[in-house]
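Working notes, beginning with the structure itself.
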Amino acid sequence: MSKYPFSAIEKKWQAYWEENQSFAVTEDPSVPKEKRIYVLDMFPYPSGSGLHVGHPEGYTATDIYCRYLRMNGYNVLHPMGFDSFGLPAENYAIKTGTHPKITTERNIENFRRQIKSLGFSYDWSREISTHESEYYHWTQWIFLQLYKKGLAYESYTPINWCENCKTGLANEEVKDGKCERCGTPVVRKAIRQWILRITEYAERLLSGLDSLDWPESVKLMQRNWIGRSEGATVRFRIEGMDENLEVFTTRADTLFGATYMVVSPEHPLVEALTTEEQRSAVERYLKETSHKSDLERTDLAKEKTGVFSGSYAINPVNDERIPIWIADYVLISYGTGAIMAVPAHDTRDWEFAKKFNLPIIEVLKSDVDVQEEAWVEDGLHVNSGFIDGLDKHDAIEKMIAFLEERNLGERAINYKLRDWIFSRQRYWGEPIPLLHCETCGTVPVPEDRLPLLLPEVKSYEPSGTGESPLAKIDSWVNTTCPVCGGPARRETNTMPQWAGSCWYHLRYLDPHNTERFTGKEAEEYWMPVDLYVGGAEHAVLHLLYARFWHMVLFDLGLVSTEEPYQRLINQGMITSYAYQRKDKSLVPTDEVTEIAPETWIETATGEPLERVVAKMSKSLKNVINPDDIIHEYGADSMRMYEMFMGPLEVSKPWATAGLVGIYRFLDRIWRLYDEVEIVDEEPNEELLRTLHKTIKKVTEDTRDLAFNTAISQMMVLVNELYKEDVFPRSVAETFVKLLSPYVPHLAEELWEKLGHAPSVSKVQWPVWDEKLTVDTNIEVVFQINGKVRSKTMVRQGASKETLLSLAKDDAKIRSWLEGKTIVKEIVVPDKLVNLVVT
RNA sequence: GCGAGAGUGGUGAAAUUGGCAUACACGCCAGACUUAGGAUCUGGUACCUUACGGUGUAGGGGUUCAAAUCCCCUCUCUCGCACCA
């Protein structure tokens, strides 16, 4: 008895593909536009712990799809590379003194080896790594194009700062008031920053989503993140001052209900608004809020706080004098940093008004007493002068017209999206190619002097004062101004990790170009990316930043498409099992014993445990290492199992027992080809039908990325083949072709065993004959009142009349009909007959 | 709190337009076979019932000849956002 020798087979064919450059691709002009396809995987950050089972999931899916496309005559661009700037390598350098470049490149070696060991059909000649100067040369160059377009600016405004990472963070990198990377609570810190004006693209980033074939959930997340809202700015005169207080509101129609105003503690007018009597109280309040972390400040459960400034504004619609308060529930970063408060119809304002005894005036007809609770539903206007009786829409229109006529305000649109804080005070990133000259101000490094190389440093430790380790290298920092020749200092901030991934899809097109970031012809040949597969964690960050850069490049005439990624799919997470005590705490997998099927106890205490699904984590000891799986069961088993687990988009738990099932399936296939005599006979009718059903199902499901059901159909075919005495050659050959995208090593080996020269990856995908996929005899069910009472075999396509009379003649049906009257007859050909009786 | 998605056997999961619920696989049970292997092959396996039959896709209601699928309500889980005026 033979045993499927996966290890030898996989080594052999990986070497063959490498040697023959089987998957290298060129921009062949004879291939028509619609047969050129760009399939992109999100490239990994090469961490020290190596590939995780989650990575191969998306990579296997795209690999199967690409192999399928090639066999169908497509020219397929399918590259891989590494997102190799980032904090872990730098933190490791701080701990050990090892240069991040050394760690990074060692990790890349390991990642590349692991990825290759899965037999993916990447064009490795296009591999890139973002930390290489040949690559970041062009990241810097693109930054300069943004700078020259006025999209990069310097700012000293307070930003989110992580004490642990010792760097500033973008708003998108803050989750629940904590650093997304390490969980440290984020504090506000005023340091000099480079910021990209992504808000200038807010409208296009929003409207562009409509044209994209992306999951609705991702589009929605981006829409929410951009957060467009339509409303008006309204200017309130401040009593005794020349200044106006400007607010943004989406409900200008409730202006008659504005009983007080609130400015954020950081608002520039706070100082001027504060009267002598209130000064000490205001100062105390400002001090208090400045000590709060973002987390404390945004905690919804907490009581509202605030202080009266002492000043009054004049409500422009009724000249009422209304007090101006200072409170931290108003954010400086949204709108104008000031609001008009309408406590009757806004929960936040209502809470504040109640706490500080401010008047509450109903201006929308409410079903509740607004003194008791806020009414936030719609209602016709009351107590509102010239808009009384109007509904929301008409009232807003009329109010805005009123304001615009008197120059008291105007229609306005606001976005939640903030500009992108682009600098990091760390070492391991692209140096920002700018200089600070005493006479010329900020000067870009001339393009012909790029790349601006990352210098060597003695210590990787960030200063924590807001300066990167680069600031400590005087010889690098001090330079001459390329404009005036005078002394200048280099910018010491580096770019965030997102920079490199903003445009890598363009570098793959022409990775060795030394003259340009990418070749114009190659760009026009391939772009946009037809299918982009990666994790949902990038729904906002990477995918928004990359779209922004791409749009800028499009506006500069440097790329031919406005959007980079036409179609996007998020693969689900691969989770793992974990074992839970009654108190919901989790027990590491190696401290659990399975005492009976589906029954577990904690080994040490005997406490019964429940099996739950959890994320893989080192502490739970439930992390699966792809190297181990490949070693024990082979890459083909690993690939096929990950596809068999369930639909690509949903998260699903890893179960090695399930993997064994796939291994057995591949072993069954191997033995079929190894032990059964392959004959030059035509298959019998039954087998031929299953074969054509299989071709059809595998073709359609592979096209639709529904790999799990394609695999189960292949299993059906194999099960049937095991019942046959002989193995017709035509079936054997067709089946190998169907298998080849899924288990490419095994398929190559079988193809060779069948007497063919390699490689099966280059042969034509099989086609099915629709006639042969239809069963000639079909089981039709007979129902009485919708319940199945009998079944019978009929010829496919039998007429309604035939079916009906068959049903009425059926012995069981006849007994069910006894003493009843048929009131309705429903016949669905090839499916069922339903008789409704009373 | 708001928004989105999901809930089907012991387990992972299937199921065009509403048309036999549970394909395929794991596990389990039985049998066969064996140079005892990670075996392999064949068959069985939703639940209740001796049977006839009944029940069953998170729970409840509705539409329909017919609902996992469509509509309403409730519950649970996952993800995202969270004082954005």
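Please read these numbers as outputs of a predicted model, since none were measured by experiment. In what follows, chains are A, B, ... by sequence order, proteins preceding strands, each numbered from 1.
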Tell me which nucleotide, if any, is Watson-Crick or G-U wobble paired with [N] when both distances must be under 3.5 Å.
| N | answer |
| --- | --- |
| B:rU16 | none |
| B:rA21 | none |
| B:rC33 | none |
| B:rG3 | B:rC79 |
| B:rG10 | B:rC26 |
| B:rU50 | none |
| B:rA58 | B:rU74 |
| B:rA67 | none |

Checklist entry - Considering residues, nucleotides and ligands other than A:K355, do more than 12 of their heavy atoms fall under 6.0 Å from its NZ? => result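 Enclosed.
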Separation between the [atom1] atoms of [N] and [M], rounded to whole Å:
| N | M | atom1 | value |
| --- | --- | --- | --- |
| B:rG10 | B:rA46 | P | 10 Å |
| B:rC33 | B:rA23 | P | 29 Å |
| B:rA68 | B:rG60 | P | 14 Å |
| B:rA15 | B:rG3 | P | 30 Å |
| B:rU17 | B:rU11 | C1' | 32 Å |
| B:rG59 | B:rG7 | P | 13 Å |
| B:rC70 | B:rU64 | C1' | 10 Å |
| B:rG54 | B:rU69 | C1' | 24 Å |

Please report the distance, rounded to the nearest Å, between [atom1] in [X] and [atom2] in [N].
| X | N | atom1 | atom2 | result |
| --- | --- | --- | --- | --- |
| A:E779 | B:rA23 | CD | P | 14 Å |
| A:Y663 | B:rA25 | OH | P | 18 Å |
| A:L543 | B:rG80 | CG | P | 15 Å |
| A:K652 | B:rU8 | NZ | P | 16 Å |
| A:Q713 | B:rA13 | CD | C1' | 16 Å |
| A:I826 | B:rU17 | CD1 | P | 20 Å |
| A:M715 | B:rA14 | CE | C1' | 13 Å |
| A:L721 | B:rC41 | CG | P | 13 Å |

Next on the checklist: Is the ring pair A:Y329/A:F352 parallel, tilted or perpendicular, if the boundaries are 30 and 60 degrees?
Outcome noted: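 Tilted, since the angle between the ring planes falls between 30° and 60°.
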Classify the nucleic acid contact of [X] as base, sugar-phosphate or nothing, counting any heavy atom under 4.0 Å across all strands shown.
| X | answer |
| --- | --- |
| A:E632 | base |
| A:N708 | sugar-phosphate |
| A:V342 | nothing |
| A:L331 | base |
| A:D349 | nothing |
| A:S333 | nothing |
| A:G661 | sugar-phosphate |
| A:A657 | sugar-phosphate |

Think [X] has a side-chain N or O under 4.0 angstrom from the OP1 or OP2 of [N]?
| X | N | answer |
| --- | --- | --- |
| A:R664 | B:rU40 | yes |
| A:N224 | B:rA4 | no |
| A:K787 | B:rU55 | yes |

Checklist entry - Taking RNA chain B as the partner, which of residues 828-838 of chain A come within under 4.0 angstrom of it by heavy atom? => result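 Close to the strand are A:V828, A:K831, A:L832, A:N834, A:V836.
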Do the charged groups of [X] and [Y] touch, with an N to O distance under 4.0 Å?
| X | Y | value |
| --- | --- | --- |
| A:K723 | A:E686 | no |
| A:K354 | A:E351 | no |
| A:R235 | A:E410 | yes |

Residue [X], side-chain atoms from C-beta onward, closest of [options]:
| X | options | answer |
| --- | --- | --- |
| A:Y722 | B:rG53, B:rC41, B:rC24 | B:rC41 |
| A:S217 | B:rA4, B:rG12, B:rA85 | B:rA4 |
| A:R671 | B:rG80, B:rC41, B:rU55 | B:rC41 |
| A:T709 | B:rC20, B:rG80, B:rA14 | B:rA14 |
| A:R668 | B:rC83, B:rC41, B:rG19 | B:rC41 |
| A:R789 | B:rG54, B:rA4, B:rA14 | B:rG54 |
| A:W225 | B:rC24, B:rA13, B:rA82 | B:rA82 |
| A:Y577 | B:rC83, B:rG80, B:rG12 | B:rG12 |
| A:Y334 | B:rA85, B:rC20, B:rG12 | B:rA85 |
| A:K615 | B:rC79, B:rC26, B:rU42 | B:rC79 |

Please check this pair: side chain of [X] against backbone of [Y], looking for a donor-acceptor N/O pair closer than 3.5 Å.
| X | Y | value |
| --- | --- | --- |
| A:Y641 | A:W654 | no |
| A:D636 | A:Y742 | no |
| A:T233 | A:F248 | no |
| A:K304 | A:F356 | no |
| A:Q222 | A:A539 | yes |

Checklist entry - Is the A:Y673 to A:F727 ring centre distance short of 6.0 Å? => result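 When the ring centroids of A:Y673 and A:F727 are compared, they turn out to be within the sub-6.0 Å range.
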Item to check | Anti versus syn assignment for B:rG54, with syn defined as within 90° of 0 | outcome: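 Base orientation relative to the sugar is anti.
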Item to check | Given RNA chain B, 5'-ward residue of the pair A:F6 and A:E216, judged by closest heavy atom | outcome: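 So the residue in question is A:E216.
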Item to check | Residue closer to the 5' end of RNA chain B, A:K175 versus A:G227 (nearest nucleotide) | outcome: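 The 5'-side residue here is A:K175.
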Checklist entry - Side chains of A:T690 and A:E720: is there a donor and an acceptor less than 3.5 Å apart? => result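 Looking only at side-chain atoms, A:E720 and A:T690 do form a donor-acceptor pair, the distance falling under 3.5 Å.
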